[in-house]
Amino acid sequence: MTFAQIILPLNLKGTFTYKVSEEFLSKIEVGMRVLVPFGGKKIYTGIVAEIHHNEPETFLPKDIHSLLDAEPIVPKQQLKFWNWLSEYYLCNIGEIYRFAFPSSLKLESETYLKRNPNEEINWEVLDANEIYLLQALEVKSLVSLSEIEAFIPKKEIVKTVKALIDEQLILIDEKIYEKYKAKEVAYLKIDENILGNLSEILQSLTKAKKQKDLFLTILEVQQTQNQPLRKSQFFENGVFNASHLRGLVEKNLVQEYYLQKDRIETYEGEIENLEKLSEVQEKALTEINEGFCEGKNVLLHGVTSSGKTHLYLEKIEETIANGKNVLFLLPEIALTKQIIQRLEKKYGKQLGFYHQKLTDFEKVEVWRKVKNNEIKILIGTRSSLFLPFQNLGLIIIDEEHDAAYKPREVKPFFNAKDAALVLANYYQAKAILGSATPSVESYYAAKNGKLKYVFLGERFGEVALPKYEIINFKEAQESKLSVGHFSQYLIDKISENLEHKKQTIILHNRRGYANVVECESCGHVTYCSNCDVVMTYHKSTNELKCHYCGHKAQKPKICPKCQSTNLNTRGIGIEQIEEETQKIFKEAQVERMDVDSMRKKFAYEKLYEKIESGEAEIVVGTQMISKGLDFDNIELVAIPKADALLYVQDFRAEERAYQLITQVSGRAGRNSGKGKIYIQTYNPYHPLFELIKEENSAKIYEHFLKEREQFLYPPFVKLVLIELKHRKEEKLQRASQFLSSVLQKYLPLPCILGPEKAPIGKINLLYQYQILLKLPRGKKYQEYKDYLLKSLEEFQEITAYKSIKIDTFVDF
DNA sequence: AGCACGCCGACT
DNA sequence: GTCGGCGTGCTC
């Protein structure tokens, strides 16, 4: 007897055992898709994870319904990768499968109903709904539940269907269909062999002038154009129509055939050659190669505009020349047009894109191409790690420090940067992590020899790096040399920059107009009704918005508590900075770039255009502004409230501030080398600002590492965050306490921090508690993680706590 | 995750 | 008195 372990797209532990019947025995392989029944009447598409002969003892396995693939669709390396993810990040493999596959590759099971032909209907005893349904089945033999909604009220459907099933008048028919059908396009061709008799052919067409003309047209195009002839092109001018073509096809003079159309338009322009590498880049390239030779992956630490892309292109080229493929990971696809354009020019059709914003059809298209090895370079976000690569040779993780590689809100949680390294290893491929501001973890790994450290310290073409200047805002205020949140000094500098017809960027990392609307008389502030956060005031829409659940409310005119009209705003948002900027620089064209202003369609494109053309003179923005805006005319970057970057309560706050400041600085003086950065702060002697000014990245990382070591944070310990959520706070608190006590049985006490209320105690009506684990690195780590898993299992044994939602974030 | 079964409040 | 809320249990 043969059995198979099947991965199902459900958030359930482990895999499921099914029996492999005789008919599939010789065909079934690990990595193929199968159709299996599950539960009452559900059918799922699963993935074969293992084939074996151990009959289960505690239950009777069901049969595999059918085999969907003739060859494995998930490569072995991917299955290994899934397993690693599920073990390392403590999530179910089914969740990984769900995330990894475009939904149309998972067959859909929709419940369809049909008449039971063996049962007579006694119409008299039926109610109206039942009669409608049966009549519908007379007309159409199969009706789906969703179709029934058209003629039976929603809440009565289940009742009606159930009654008829009980009477055995109807049956359930599981109709399964594959959603994805490749779109086909018609092409024409003329068999060149018949051309020996060309004169004869033309003779035979003398009576059909149009057909003759069409034939000659097709022939001409075919002989001049060395690619398939799209059928539709011959009808575009209106001279010919389908019947003319039909005549030719019937006479066997022209053949019609179909090709799958790619839904993704690919670039067909010129293919550009690489520029020559600079000396510094050559050296870096040698070092990368050395790293690869030592069997190490590389951390490429290259200051902004140092030409990291250039090196990537070199390695990509080389990999492809060796017959292997490349995965190029980006944190977000939207803000990185420039890099894509560059690769597009060079690689044209061998390039593919993949990210979660594609339609399902498009995703499957890319899937197919990757599988068939038609795509040599795949550019994509973290979801592209799951494509069925056949012979991956290189993975590049650009902007490796970017938090978008590990979004907390998407399940399953994993860090694409770390996952990429593991995946590369499974494919025996090499990886390059690239950034101008590497994450502290990667930097540490590089310094410890786990990664090869390659530093590119100067801008390409020896353009000077931007200079930093720190403005003591406290002093400026005290000597009354300030307007709003701008010191007179900064204002002068920006004015100068405007006079030189150079562009300015102002960074302020807080959305909205004001953080809080506060009553001056009683101190009342408006909280979100769903979340435990103060609502942010947005002046442009004149409303209060919750940035966590999106809840909106009117801005109060009087204090709801004490009826005072003395309401004031506190905490400056980007909208207020924009307003002030416009007020101070009346003549200047000021634009804002944040999530709220970029929401409209093509807002980004429009802004991009305005900056490129020079129409926008000052761009005020949140962290968004630090990405992708590579324009030569920007020379000044101002951060009027730099302190705000440090107020975040997070052990990575300083690291993030450093990265953000450095990234946004990189926008200035890319060409002229005259970029200036003004950091305006109340704490001009804050070590971080001083270090940034010194421009000694090694020293900065030393500083970070020292703090991390002292306060026991990564990379010196492994962090696991356990998040518990429930609608009832008391129950949640008790549960969290209990989980903590279970953990205490197995883990040393100092490892466990909490439970405590999460920084945002309630989001969307769910209360949140958390337990933070600081686990030692090395051998003990795995042992402790096994204990953690055991504890979580013990916790879930308690029926009363089954309704508590638990999420674990490993290395968050 | 989905889905069925089972026990307590607001309606014909 | 029923309909229907969601708490609990199970799925190879």
Side-chain angles (χ1 to χ4, degrees), chain A residues 1-21 24 28 30 32-67 82 86 89-101 103 106-113 127 129 144-146 152-163 165-166 172 174 176 409-413 724-728 730-732 734-735 765-767 792-793 795-808:
Chain A
M1 286 251 260
T2 306
F3 303 92
Q5 293 309 120
I6 307 295
I7 303 167
L8 293 178
L10 304 168
N11 190 8
L12 290 173
K13 214 185 131 199
T15 53
F16 293 82
T17 312
Y18 285 85
K19 204 159 83 205
V20 180
S21 62
F24 305 129
I28 194 165
V30 167
M32 288 179 174
R33 291 176 304 162
V34 290
L35 224 47
V36 292
F38 188 80
K41 53 187 180 218
K42 269 267 158 188
I43 292 182
Y44 287 107
T45 306
I47 304 292
V48 180
E50 199 193 328
I51 299 164
H52 60 86
H53 302 286
N54 313 320
E55 179 155 20
E57 285 163 14
T58 51
F59 57 87
L60 203 63
K62 292 181 179 168
D63 273 336
I64 288 174
H65 245 283
S66 53
L67 199 55
W82 293 11
S86 90
Y89 289 105
L90 306 172
C91 60
N92 293 312
I93 197 158
E95 245 184 310
I96 309 270
Y97 164 42
R98 235 163 197 275
F99 183 81
F101 260 57
S103 52
K106 294 171 274 183
L107 282 176
E108 189 152 288
S109 125
E110 224 196 303
T111 313
Y112 272 80
L113 304 172
D127 72 22
N129 287 335
S144 77
L145 285 180
S146 43
I152 296 180
K154 250 187 185 153
K155 29 179 166 164
E156 284 162 37
I157 292 178
V158 181
K159 194 182 122 203
T160 308
V161 170
K162 197 170 179 299
I165 289 173
D166 289 346
I172 283 173
E174 289 280 353
I176 286 139
E409 41 291 319
V410 188
K411 276 174 75 173
F413 175 82
L724 301 97
K725 297 182 203 170
H726 197 267
R727 298 180 64 141
K728 302 226 170 66
E730 313 82 70
K731 185 170 183 170
L732 179 61
R734 260 184 287 123
L765 298 174
L766 284 178
Y767 287 93
L792 288 170
E793 275 164 19
F795 177 83
Q796 267 140 9
E797 300 275 293
I798 313 289
T799 46
Y801 295 152
K802 286 241 163 84
S803 57
I804 308 261
K805 289 195 183 82
I806 295 196
D807 289 316
T808 48

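Here is the naming used below: chain letters follow the sequence lines, and residue numbers restart at 1 for every chain.
At whole-Å resolution of the value, NZ in A/Lys802 and C1' in C/dG9 are 7 Å apart. The distance between atom CD1 of A/Ile798 and atom P of C/dG7, rounded to the nearest whole Å, is 19 Å. Rounded to whole Å, atom C1' of C/dC12 lies 16 Å from atom CD1 of A/Ile93. Between A/Asn92 atom CG and B/dG2 atom C1' the separation is 14 Å, expressed in whole Å. Rounded to whole Å, the distance from NZ on A/Lys728 to C1' on C/dG7 is 10 Å. When rounded to the nearest whole Å, the span between CZ of A/Phe16 and P of B/dG2 equals 13 Å. At whole-Å resolution of the value, CZ in A/Arg727 and P in C/dG5 are 14 Å apart. Look at CD1 on A/Ile47: it is 18 Å from P on C/dC12, rounded to the nearest Å.
Of the possible polar contacts, one joining the A/Lys731 side chain to the A/Ala800 backbone as a donor-acceptor pair under 3.5 Å is found. In this structure a side-chain-to-backbone donor-acceptor pair under 3.5 Å is present from A/Tyr18 to A/Pro37.
For A/Lys19, the side-chain contact (heavy atoms from CB on, under 4.5 Å) test picks out A/Met1, A/Phe3, A/Asp63, with sequence neighbours left out.
Across all strands, A/Thr17 comes closer than 4.0 Å to base atoms (heavy-atom distances). Backbone-only engagement by A/Tyr18 is indicated by non-hydrogen atom pairs under 4.0 Å involving sugar-phosphate atoms exclusively.
A close approach under 4.0 Å does occur between a side-chain nitrogen or oxygen of A/Lys62 and OP1 or OP2 of C/dC12. Under 4.0 angstrom from either OP1 or OP2 of B/dG2 there lies at least one side-chain N or O belonging to A/Arg98.
Listed nucleotides B/dG2, C/dG9, C/dC12 differ in distance to A/Tyr44; the shortest reach to its side chain belongs to B/dG2.
Screening residues 8-17 of chain A for salt bridge (Lys or Arg N to Asp or Glu O under 4.0 Å) gives A/Lys13-A/Glu793 as the qualifying pairs, with residues at least two apart or on separate chains.
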